[in-house]
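In this chain, residues are counted from 1 in sequence order.
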Amino acid sequence: FLGGLILPGFGLMLRALEMGTAGLKAPTGEVVDFPTNTSDALMSGGADAVAGAVERMHHKLLVRTGDEPLLIGETADDIRARARAEGYSGRELFITDRSFDWSELLASSQSLSLFSERRIIEVRMPTPRPGKEGGAVLAKLASDPAPDTLLMVVTTRPERDTWSAAWLKAFEKHGVFVQSSPVEIGRLPQWIIGRAARHGLTIDAEGAALLAERVEGNLLAAHQEIEKLTLLHAPGSVTVEDVQSAVANSARYDVFQLGEAALGGDAARCLRILAGLRAEGAEPPLVLWSVCRELRALADARSHPDALA
């Protein structure tokens, strides 16, 4: 769930006009394209206000960013499906790299389709740093979108210093910006339960917790394991024993998660993360640095408690 809007209802809009304008009665007109009287103008204006808010949520410009490949891919698929349902039958894909010619993207956006079809122009960037030329092109396309064209940019999460980039600001102003965040271990069991329910599975809390342990940091593996359980048990219930027998350990960890687990006093998770880091060949000095970093932070906080106030 990405979020949504809370809007005044159609009736509330009309009542607000009636209450706030002297001598104005609730209109009894009709919704028409070009109203010629007050009643029709009020009814049509209210309808257009609601429709405009809905249209804004599905704008012609979309940016999808984040660090979770599964969520990014699924959201992009949903956008394409929605666009196809609205008549965007064409699609052009551009994958940028250091040698990418941004003028090619600009020229494509300005060219007319051979069959005058509505189309999707999808730009995939490995990082949200398109460079000076790329940023200028993206900002231009965002502020002056081509007709019958949906522009979608897919990239990784912007760093702090890139949030102020002109092209990102242009998309925030003129389009829709969607950001995906990793599902943290505390929320992962509930995410698994919800995802399993979409596949006709009911996983108990203990089974979801075990599955979360085995796929932590690897949401794509979680999705694949749920699909495997679906083949074995759907529709029906899945217990912790089913998870133990069917799910491999696909968790992925980094040294920062070790520090977080240590600060949280979760010894069992610390041991799992250490085992995972060892299996992945993490360098011991890097592991020690992570732990020492958290210890130094604790020592500083203890020596200077007033700084936390």
Side-chain angles (χ1 to χ4, degrees), residues 1-11 13 30-35 40-41 43-66 68-96 102 104-125 128 130 134 137-156 158 167-181 194-195 198-199 223:
F1 176 66
L2 297 174
L5 300 178
I6 298 177
L7 298 170
F10 187 54
M13 288 185 188
E30 298 180 353
V31 176
V32 296
D33 290 337
F34 300 99
D40 287 354
M43 293 291 287
S44 302
D48 284 353
V50 175
V54 174
E55 184 179 4
R56 172 66 182 175
M57 289 298 287
H58 180 69
H59 206 274
K60 282 190 174 183
L61 299 170
L62 297 148
V63 171
R64 183 68 166 106
T65 73
E68 184 49 65
L70 175 67
L71 299 182
I72 294 174
E74 289 184 340
T75 303
D77 289 343
D78 290 342
I79 291 171
R80 294 188 205 99
R82 173 67 181 272
R84 283 194 295 269
E86 295 190 5
Y88 289 86
S89 55
R91 176 172 176 247
E92 296 180 40
L93 175 62
F94 295 88
I95 301 176
T96 69
W102 288 97
E104 181 181 345
L105 171 62
L106 185 61
S108 177
S109 69
Q110 295 173 341
S111 65
L112 296 177
S113 170
L114 181 62
F115 301 103
S116 299
E117 62 181 356
R118 305 176 83 183
R119 57 180 174 161
I120 302 170
I121 294 182
E122 182 174 340
V123 181
R124 292 185 170 269
M125 299 193 302
V137 170
L138 291 175
K140 175 179 174 57
L141 294 179
S143 58
D144 185 21
D148 294 326
T149 299
L150 185 148
L151 173 63
M152 179 167 66
V153 178
V154 182
T155 186
T156 56
W167 78 270
L168 270 177
K169 293 293 185 183
F171 270 89
E172 287 185 307
K173 180 178 180 180
H174 301 285
V176 177
F177 189 91
V178 183
Q179 182 175 333
S180 71
S181 299
R195 177 59 65 107
R198 290 164 52 180
H199 288 74
H223 172 69

Asker: Atom CE in Met152, atom OG1 in Thr75: separation rounded to 0.5 Å?
Answerer: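 Here the interatomic distance stands at 10.0 Å.
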Asker: Find the distance between CG (Asp144) and NE2 (His174) and round it off to the nearest 0.5 Å.
Answerer: 9.0 Å
Asker: Would you say that Trp167 contacts Leu141 through its side chain, given a criterion of any heavy-atom pair below 4.5 Å between the two side chains?
Answerer: no
Asker: Is a side-chain donor or acceptor of Arg118 paired with a backbone partner of Leu150 at a separation under 3.5 angstrom?
Answerer: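 No, because the side chain of Arg118 does not come within donor-acceptor range (under 3.5 Å) of the backbone of Leu150.
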Asker: List for me each residue that meets side-chain hydrogen bond (donor to acceptor under 3.5 Å, both in side chains) alongside Arg91, sequence neighbours excluded, and say none if there are none.
Answerer: Glu122
Asker: Enter the distance from Glu86:CD to Arg82:CZ here, rounded to the nearest 0.5 Å.
Answerer: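 These two atoms lie 4.5 Å from each other.
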Asker: Rounded to the nearest 0.5 Å, how far apart are OH of Tyr88 and CD1 of Ile79?
Answerer: 12.5 Å
Asker: Between Pro158 and Pro128, which heavy-atom pair has the shortest distance, and what is it?
Answerer: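 Shortest heavy-atom separation between Pro158 and Pro128 comes out as CA-CG, 3.5 Å.
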Asker: May I ask you to test the Ile120-Thr149 pair for a side-chain heavy-atom distance under 4.5 Å?
Answerer: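 No, every pair of side-chain atoms sits at 4.5 Å or beyond.
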Asker: I'd like to know if the side chain of Ser108 reaches the main chain of Glu104, judged simply by a donor and an acceptor atom lying under 3.5 Å from each other, with no hydrogens or angles considered.
Answerer: no
Asker: Is any NZ, NE, NH1 or NH2 atom of the basic residue among Arg195 and Glu74 found under 4.0 Å from an Asp or Glu carboxylate oxygen of the other?
Answerer: yes
Asker: Looking only at non-hydrogen atoms, find the nearest pair between Thr155 and Met125 and report the distance.
Answerer: OG1-O, 3.1 Å
Asker: Please round to the nearest 0.5 Å and tell me the distance separating atom CD1 of Ile72 and atom OG1 of Thr156.
Answerer: 7.5 Å
Asker: Do the non-hydrogen side-chain atoms of Phe171 and Leu138 ever get within less than 4.5 Å of each other?
Answerer: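 Touching, per the 4.5 Å side-chain cut-off.
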Asker: Ignoring hydrogens and angles, tell me if any N or O in the side chain of Arg119 forms a donor-acceptor pair with the backbone of Ser109 under 3.5 Å.
Answerer: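 Yes, the answer is positive, given that a donor and an acceptor are paired below the 3.5 Å cut-off.
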Asker: Are the side chains of Val154 and Val123 in touch, meaning some heavy atoms are under 4.5 Å apart?
Answerer: no
Asker: Kindly compute the distance separating CD (Gln110) from CG (Leu105), expressed to the nearest 0.5 Å.
Answerer: 9.5 Å
